[in-house]
Amino acid sequence: MDKTFNAAEAEARIYQMWEEAGAFKAGANASRDETFCIMLPPPNVTGHLHVGHAFNHTIMDMLTRWKRMQGYDTLWQPGLDHAGIATQLMVEKDLAETQQPKRTELGREKFLEKVWEWKAAKGGTIEQQARRLGDSMDWSRSAFTMSGAESAPATEKPGNFHDAVLKVFVEMYNKGLIYRGKRLVNWDPHFETAISDLEVENIEVDGHMWHFKYPLAGGDTYEYVEKDEDGNVTLRETRDYISIATTRPETMLGDGAVAVHKDDERYAPIVGKLCEIPVGPKEQRRLIPIITDPYPDMNFGSGAVKITGAHDFNDYEVAKRGGIPMYNLMDTKGAMRSDGKPYAEEAAIAQAIANGEQEFDEAMIAAMNMVPEEYRGLDRFEARKRVVADITAEGNAVMTTKMLKNDEGEEVETTVPYVEDKKIMQPFGDRSKVVIEPMLTDQWFVDTAQIVGPALDAVKEGRTKIMPESGEKVYYHWLENIEPWCISRQLWWGHQIPVWYGPEMEIDDEGRRTFNFAEFKKICASTEVEARNDFEEYYGFKTVIIEGPEESREAWDQAFGNIALTSILRRRESEVGEFRDAIPIYRDPDVLDTWFSSGLWPFGTLGWPAEDEAMKYFPGDVLVTGQDILFFWVARMMMMSQAVLEQDPFHTVYLHQLVRDAKGEKMSKTKGNVIDPLDMIDAYGADALRFSNAQMAALGGVLKISEDRIKGYRNFGTKLWNAFSFAQHYEIAYPGDPVRPDATQTLNKWIIGETGKVRETVDAAMEAYRFNDAADALYAFTWGKVCDWYLEFSKPILQGDDAAAKAETEQALRWVLDQCLILLHPIMPFITEELWQLADSRKKMLVHADWPTYTAANLVDADADREMNWVIDLIDNVRSARAQVHVPAGAKVPLLVTGLDAKGQSAWDNNHVLIQRLARIESLSHVDDFPKGCVTIPMAGGTFGIPLADLIDVAEEIARLEKTMQKLSKELGGLRGRLNNPKFVASAPDEVVAEAKANLALRENEEAQLKAAIARLAEIG
RNA sequence: GGGUGAUUAGCUCAGUUGGUAGAGCGCUUCCUUUACACGGAAGAUGUCGGGAGUUCGAGCCUCUCAUCACCCA
C-alpha cells in the first residue's frame, strides 16, 4: 500500500469504473420495489460548480448512495436548465467577442441556432465538474428543459421536455389558470424584458428626496396648520400649493393624482380640489385631483404622495383603487417615450379625463404619451436632472436654508432647494445590474391564487415536510400573500408561448363578417398546425403565419389591398375572384419564464407527458436546495405538480443556507474570497470536501466553509487508510466480504457492539437529515474507537501465541474495518471504494454493497462493554497521572492496588496485557497500604497507585489531587444539593433520581479515595 | 418598516422532548515507540450576549434589552 491515498489519481479511475459499470443507473442494485428518487435542481446550462452545488450535491449523493446500498430502486435525476436570460446574455456576449453579427441582426431563427451551437460546444461543463465530486447521478438520463423544442438541432440529445411545457401551458390556459393582462411588472431596461420579483435585488443606495410645490388650480389658497402631539399649533400659514416629496421627479409627468390620508387634518380643506403638476410647458400644465387613500403615511415627508400608477408598485395599487389613469412614460429601454401625439394634444385629453369630461379605458391610456417634447427620448436619469432643474428654475422647489460659503469664503445663510440625502432601496436586475423600472405592460400571468391552495395544504397537512421547520412559516407567509406570476419574457431563448393571434371576427345580423385589429382573437394550442386549424375553422378561411403584431396590419394590407375591413370577405368572394391570400395570424413572440419550465422538473424529466416507465419515480422523495430558491422553484413545483398531476412532487424539502466563507461572509469575486470546490478537490480530494460538507450540514445551520476543516478531514481519510495499512502490516488475510465472528474475546465483543451502536446512530441521523451527526459519529467511531483503542488492543493478540484468539481477532478486525468502509461510503465514496478493492475478491463493488441492518441490541455485550470501558478508564487515568508527575513517557512503572474487588480483578486478569502495554506498566502488586510517595488513581472497584519513591514531588502530587478534588466537589455539591432538596426527589422522574443517587455513590467513593491519598501525603510532607 | 434566525472555549460551530456543556481547528508540554508526524500522549480555556420570569432544576421554555445576519417591503 502507498503511504497515503492518492486522491488525484484514484478518484478519476474509480469514477470511471463506476460509470462504466452503470453503477448509478436508475434501479442499479435494486433488491426491492420501493423507489427512492431525488431530482437534482437543474443548474443553468451556462453554470459552473460552486461551493453551494458542492454542498447540496454532497447531501443528495449521501442520501442516494445510502438508499441504493439499502437496495431501493434508486434514481438521482440530473439535468440542465436552459436559463433564459443568463444563456441569452452569454451567447450575445460571445457573438460580440467573436465579431459576429448581433442578435437583432441575426434574427430569431439564426440566433437560436447560435444558442444551440453554443450549448453543444460550451454548455454543461458543470456535469463534468459534478463527476469530480463523486455524484452518483444517472447521467444517461440527463434532461434538458429545452429538449424537443422546435429550434433544437438534430444533433441534440432527444427529449420531450418542451412537449411537457406546452402541454401544461395549454391545459392551464384552457382551465383559465393562465391569462393575459396589463399589470405593473418589473422591467429590465437592459434586456428589455419583464422579470419576476425574485429576479430583482433590492440594494440600498444613496439617493435624494426632492420636495416640490404642486400649486393649487386657479390660484386657490388654504390655511395650512401643523400641530404637535399635544395639539398645539406649531405652524400656521396660508398656502397656495401642496408640498410633495419624491425620489423620482421624472415620473411626475405621469402623475394621475395627489393622495393624502383621510385623517390628515392639514389637507382636509383641499381634498377634492385640483392641483397642478409643476412641470412641462406652462400653457398645458395638467391639473390632477387631490384624493384620499389609506396608503399615504401622515408622518412621512409632507404626508402627501403623488400617484404615478404606471411607475410605482404602491402607486399602482392606489391608482387601481381610485380609478386614476396610469400614464406610461418610458419605452422598453427606460428612455422617456417619444412616440404618440404631440404633448399639447395628449395633455388636453388627459385634462379632459382629469376633469371627468372624458371616458377612458386602459388601451387608450396606454397609448397616450404624457412626456412633453423637451424631455422626449431622454434617458430616465437625464430626464430626472432636467425636471429637477426646470422646476427649481420656475420657483416650485420647496426651499430651506443652509450655511454655505459665499464668494469671499464666508459662511452665510443661503436659501437652497430642500433636497434630502437619503438611503433608498433601489431595485436592480440580478443579471443585468441595471435599475429595474416598474412598467405597465401586457404580459402572461399564472393566476396563482387559483393553484396555491393544494401547495399550501401539502405543507399544512404534513404531506410535504420542510426542513428545517422554520422554512414552513416562511413558506406560508409567501404563499398566503402570493401575487400573480408573470410568466412571459421578452426574450428569444426559451419556450415560445403557444398562443396565436388573429383579428377578431364579428358577424352582424346580415351575416357580414368584420375584422377587428384592436381586439385580437387568441388561440392556444400545442402546435402551429392545431392553432391554424382552429383559426381556419373560426374564420372559415385560409390563414397565413406572419411574424408579429406590428406586421399584422401591413400583412393584411398586402394580402387584401386597401379594402375596407368591414366588407373584406364579401368583396373578396364576389369581386376579387381569384383568391390567393389568407388571413394573417401570428404567434406570441414572448417566451416563458425559465421557472415555468423548471416547475415541471419533477415529472418533465421522467418522460411525461409520454407514458414512460420512469414515471414510477414520481412522486420523488427529497428535494434538496438553497433556502433562497424556496419561492422561485420549490413552491412552483408544488403548485404545478398539483395543478397538472394532482400530486405532491416530493415528501420532504431539505433547505440549506447560502454557503459562505470561513468568516461567514458571502463569497464574491469582488471580495476575492471565493472558494472554488474544484481547487479543494485538487488539494485534498473530493472525500475531504464531502466530509466537511456533511459535517457542517446541521439543520438550519449557517454554512461556513473552511479550508482548515477540509484539510482535517483529508487527515481523517489518511487515518482510515492507515488502519488498512495496519492490517496489511500484521499480514492479516483479506479474502473479501469478511463475516462477523462469534466473538469470545472481550475486545472483539466490545468493538462489535460499538459497531452496532454506530450503525444505529448513523441511520437515525440520516433518517432525520442530521448529516452532521452521522459524520461526527463515524469520525468518532473510526478514529476514537477503532484506531485509538481497538487496533492498539489487538496488537498483543496479533503478536501473541494464542492462535484461536488471533484468528478471531483478525476476522473481527477485518469485519470492523469493512463496516467502516460501508458506513462511510455515502460520505467518502472514493477512498472507501479504493480500500474495499484491496480485498482479494468481492461479490460487489462497495457502491453496491449491502447496507447493514444489525442493531446495538443484537451486538452489544453489556459485560464486555463495561469491562473495556473500565480498562480504557484505567489506562487514561494512569497515563494522565504519569504525565502530570512527569514520569518519562517511555519508562515502565510498577502498579499497586488496594481493595480490588472481584469484578476489578477479573477485568484486570482478562486485560492486563493490554493495560500494561498501553499504560506502560511493569507489574501489578496487591498491597494493603500504599508506600510513601505514591501517586493515587481512584477507580471503580479499587484504588490504584504508582510508587515513585523519591521521584515524587509531594507538593506537586498534593496539588494534582486537590485539583481533582475541586472538580469532584463541584459535582458532589450539585448532586447533594439536588438530592437533599425534597422537592427534587418528589417531582423529578424516578430514573433521574436513581441516576443521581448512583452517581453520588460513585463520586463519594472517589472522594474517599482521594481524601485518603491526600492525608497520606500530608503525613510525609 | 415587516419577517426569520443567530449570540456557547482563542477561531468555526454542534448541543433532538428542560436533568447540570461538546467537536474540529488553533494553543501548551512531551514523544520520530515496529499502521499513521496528514501521527501519538497529556493539558489549558466557557457566569452558554445582558436582565427578569416559569421550574426541584434552564444553554434549551416565556418576557425584555442589546448586537449581528439574512429574506421581504
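Letters A, B, ... mirror the listed sequences (proteins, then strands); counts begin at 1.
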Student: How far does the P atom of B:A66 sit from the matching atom of B:G51, given to the nearest Å?
Tutor: 15 Å
Student: What is the distance, to the nearest angstrom, from the CE atom on A:Met828 to the C1' atom on B:C38?
Tutor: 12 Å
Student: Quickly work out the A:Phe781 CZ to B:A23 P distance and round it to whole Å.
Tutor: 19 Å
Student: Rounded to whole angstroms, how far apart are CZ on A:Phe771 and C1' on B:G24?
Tutor: 20 Å
Student: Between A:Tyr769 and A:Leu63, does the side-chain contact (heavy atoms from CB on, under 4.5 Å) criterion hold? Intermediate values first, please.
Tutor: CA-CA 9 Å; A:Tyr769 302 93; A:Leu63 287 167; 4.1 Å; yes
Student: Taking the six-membered ring where the residue is Trp, are the ring centres of A:Tyr654 and A:Phe771 under 6.0 Å apart?
Tutor: yes
Student: Distance between the P atoms of B:G5 and B:A42, in whole angstroms?
Tutor: 42 Å
Student: Counting the atoms with a prime plus P, OP1 and OP2 as sugar-phosphate, which does A:Arg978 contact under 4.0 Å by heavy atoms, base, sugar-phosphate, or nothing?
Tutor: base
Student: For A:Pro989, report the nucleic acid contact type (base, sugar-phosphate, nothing); a contact means any heavy atom under 4.0 Å.
Tutor: base
Student: Looking only at side-chain N and O atoms, does A:Tyr790 offer a donor or acceptor that is under 3.5 Å from a partner on A:Glu754?
Tutor: no
Student: I'd like the P distance from B:G53 over to B:A58, given in whole Å.
Tutor: 12 Å
Student: Among the nucleotides B:A42, B:G19, B:A14, which one has an atom lying closest to any side-chain atom of A:Ala883?
Tutor: B:A42
Student: Looking at A:Glu792 and A:Lys795, is there a salt bridge between them, counting it only when a charged N and a carboxylate O are closer than 4.0 Å?
Tutor: yes
Student: Whole Å only: how far is the OH atom of A:Tyr316 from the C1' atom of B:A73?
Tutor: 18 Å
Student: Cation-pi check, A:Lys460 to A:Tyr476: give yes when NZ or CZ is under 6.0 Å from the six-membered ring centre and within 45° of the ring axis, no otherwise.
Tutor: yes
Student: In B/S/- notation, 5' to 3', how is nucleotides 25-35 of chain B contacted by protein heavy atoms closer than 4.0 Å?
Tutor: S--------SB
Student: Let me know the distance between CG of A:Leu979 and C1' of B:G19, rounded to the nearest Å.
Tutor: 12 Å
Student: Could you walk me through whether A:Leu720 and A:Leu821 pass the side-chain contact (heavy atoms from CB on, under 4.5 Å) check?
Tutor: CA-CA 9 Å; A:Leu720 178 69; A:Leu821 295 184; 4.2 Å; yes
Student: Any base atoms under 4.0 Å from A:Ser987, or only sugar-phosphate, or nothing? Heavy atoms, all strands.
Tutor: base
Student: For nucleotides B:U8 and B:G50, find the distance between their P atoms and express it as a whole number of Å.
Tutor: 10 Å
Student: Using atom C1' in both nucleotides, what's the gap between B:U16 and B:G22 to the nearest angstrom?
Tutor: 15 Å
Student: With rounding to whole Å, what would you report as the distance between B:G15 and B:G39 at their P atoms?
Tutor: 27 Å
Student: Regarding A:Lys3, tell me which of base, sugar-phosphate or nothing describes its non-hydrogen contacts under 4.0 Å with the strands shown.
Tutor: sugar-phosphate
Student: When all nucleic acid strands are considered with a 4.0 Å heavy-atom cut-off, which category describes A:Arg879: base, sugar-phosphate, or nothing?
Tutor: sugar-phosphate
Student: Base, sugar-phosphate or nothing for A:Asn877? Non-hydrogen atoms, less than 4.0 Å.
Tutor: nothing
Student: Roughly how far apart, to the nearest Å, are B:A9 and B:U47 at atom P?
Tutor: 8 Å
Student: Between the side chains of A:Arg814 and A:Gln819, does any donor sit under 3.5 Å from an acceptor?
Tutor: no
Student: Taking CG from A:Leu778 and P from B:G24, how many angstroms apart are they, rounded to a whole number?
Tutor: 15 Å
Student: Under 3.5 Å for both donor-acceptor distances, Watson-Crick or wobble: does B:U12 have a partner, and if so which one?
Tutor: B:A23
Student: Evaluate the criterion side-chain contact (heavy atoms from CB on, under 4.5 Å) for residue pair A:Glu1006 and A:Leu968; output intermediate values, then yes/no.
Tutor: CA-CA 8 Å; A:Glu1006 206 176 315; A:Leu968 196 60; 4.1 Å; yes
Student: Taking atom P of B:U16 as reference, at what distance in whole Å does atom CG of A:Asp776 sit?
Tutor: 14 Å
Student: Determine the interatomic distance between C1' on B:G26 and the same-named atom on B:A44; round to the nearest Å.
Tutor: 13 Å
Student: Separation of A:Leu918 atom CG from B:A42 atom C1', in whole Å?
Tutor: 15 Å
